[in-house]
Amino acid sequence: MTLNSSGRKRPNILITGTPGTGKTTTAAALAEVTELRHINVGDFANEENLTNGWDDTFDCYYINEDLVCDALENLMEEGGNIVDHHACDFFPECCFDCVVVLQTNSSVLHERFTKRLFDCPRGYSDHKLATNSECQIFQVLLDKVKENYPDDILVILRSDFLEDITKNVETLTSWISNLSPAV
Ligand code: ADP
Ligand code: MN
């Protein structure tokens, strides 16, 4: 079976959301259940030296988006990838069969930030915390996703509590197995 005439045998899924919403936790859990490949774009760019200096807003290296896209081209064509990244606008629309946006209540997110539970190396300053909470509240990221991908591949999932991760992984696993029986 091929997906949407894309030529891929297994789906590509983008998991996006503001930092701290649980992208990496969810992607890793989903990869374990489905045996799809988890690509943490930030880690990949760092490992492959595809970065352009430090991004003070997101407290991580600026990613050289063109180089990352090129480097991942073959894997994306092959399919079977779970791409984990806070930005959603540098992969072409045709790369993905499903775009998952994780959303977390801003006070829950605030707590995760103040405990420095998320995976950027230096922790967040108050300024960045406020900016990111606003981002979350005003759904900047969701608007961007909607600009870049069609509604019918978009899935918005809550990620407030640990049970949500289990539930979300179940939802996505069943979606994937309906789409590609081989998984
Ligand atoms: P992201 O990759 O989006 O920045 P992470 O997956 O690194 O987020 O999660 C950030 C922190 O929040 C981790 O400590 C993780 O255990 C916790 N976390 C993520 N999702 C949830 C959730 N749904 N409920 C409770 N804690 C969560
Ligand atoms: Mn992460």
Side-chain angles (χ1 to χ4, degrees), residues 12-34 36-48 50-51 54-65 68-69 71-72 75 81-91 95-96 98-145 148-149 154-175:
N12 287 330
I13 299 165
L14 172 65
I15 300 190
T16 190
T18 56
T21 48
K23 298 178 295 297
T24 300
T25 312
T26 307
L30 186 64
E32 205 169 305
V33 178
T34 59
L36 297 184
R37 188 186 295 114
H38 177 191
I39 300 173
N40 183 322
V41 173
D43 289 352
F44 176 81
N46 283 334
E47 283 158 18
E48 303 291 320
L50 307 175
T51 53
W54 190 258
D55 178 349
D56 246 352
T57 308
F58 282 110
D59 249 353
C60 49
Y61 286 98
Y62 279 114
I63 284 165
N64 187 324
E65 300 181 348
V68 168
C69 271
L72 290 175
L75 287 182
N81 301 293
I82 303 168
V83 177
D84 159 9
H85 194 45
H86 58 252
C88 61
D89 49 0
F90 68 89
F91 288 99
C95 282
F96 294 109
C98 179
V99 175
V100 179
V101 182
L102 296 181
Q103 292 197 319
T104 302
N105 173 287
S106 53
S107 57
V108 174
L109 201 59
H110 192 276
E111 201 168 311
R112 284 185 205 158
F113 284 142
T114 47
K115 287 185 183 159
R116 301 193 167 193
L117 284 173
F118 71 105
D119 64 358
C120 275
R122 290 198 306 188
Y124 267 49
S125 70
D126 285 347
H127 168 69
K128 279 174 240 164
L129 198 61
T131 313
N132 277 302
S133 295
E134 271 168 38
C135 252
Q136 173 84 4
I137 291 158
F138 293 113
Q139 299 197 316
V140 169
L141 188 124
L142 185 58
D143 290 346
K144 247 189 181 172
V145 169
N148 284 288
Y149 302 102
L154 194 60
V155 184
I156 299 169
L157 297 172
R158 302 292 314 173
S159 177
D160 294 322
F161 309 106
L162 284 177
E163 307 88 86
D164 292 330
I165 295 179
T166 315
K167 215 166 59 189
N168 292 340
V169 168
E170 277 170 14
T171 305
L172 294 169
T173 305
S174 89
W175 179 86

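Both counts, for ligands and for their atoms, begin at 1 and track the order of listing. Quick note: numbers below take in every heavy atom, side chains included, and nothing from hydrogens, waters or symmetry partners. We're numbering straight along the sequence, starting at 1.
Between Asp89 and Lys144 a salt bridge is recorded (basic side-chain N to carboxylate O distance below 4.0 Å).
Residue Thr26 has no nitrogen or oxygen atom sitting less than 3.5 Å from a nitrogen or oxygen atom of ligand 1, judged on distance alone. At least one N/O-N/O distance between Thr24 and ligand 1 falls below 3.5 Å. Close N/O approach between Ser159 and ligand 1 is found [any backbone or side-chain N/O within under 3.5 Å].
At least one donor-acceptor pair closer than 3.5 Å links the side chain of Asn105 to the backbone N or O of Ser107. Judged by distance alone, with hydrogens and angles left aside, the side-chain atoms of Asn168 form no donor-acceptor pair with the main-chain N or O of Ser159 at under 3.5 Å. Of the possible polar contacts, one joining the Tyr149 side chain to the Cys88 backbone as a donor-acceptor pair under 3.5 Å is found.
Per-residue contacts place Ile165 under 4.0 angstrom from the following atoms of ligand 1 (heavy atoms of the residue considered): 20 (N), 21 (C), 22 (C), 23 (N). Close approach of ligand 1 to Phe161 (heavy-atom distance below 4.0 Å) involves ligand atoms 22 (C), 23 (N), 24 (N), 25 (C).
Using a 4.0 Å cut-off between heavy atoms, Asp160 contacts ligand 1 through its backbone alone, with no side-chain atom that close. Heavy atoms of Arg112 found under 4.0 angstrom from ligand 1 belong exclusively to the side chain.
Between Thr173 and Leu30 the shortest heavy-atom distance is OG1-CD1, 3.5 Å.
For His85, there are no side-chain hydrogen bond (donor to acceptor under 3.5 Å, both in side chains) partners, not counting sequence neighbours.
With 2.8 Å as the limit, Asn40 does not count as an N, O or S neighbour of the Mn ion (ligand 2).
Taking 4.0 Å as the cut-off, Pro19 counts as a neighbour of ligand 1 on heavy-atom distance.
Inter-residue side-chain proximity for Val100 and Thr26 is flagged as unmet; no heavy-atom pair is nearer than 4.5 Å.
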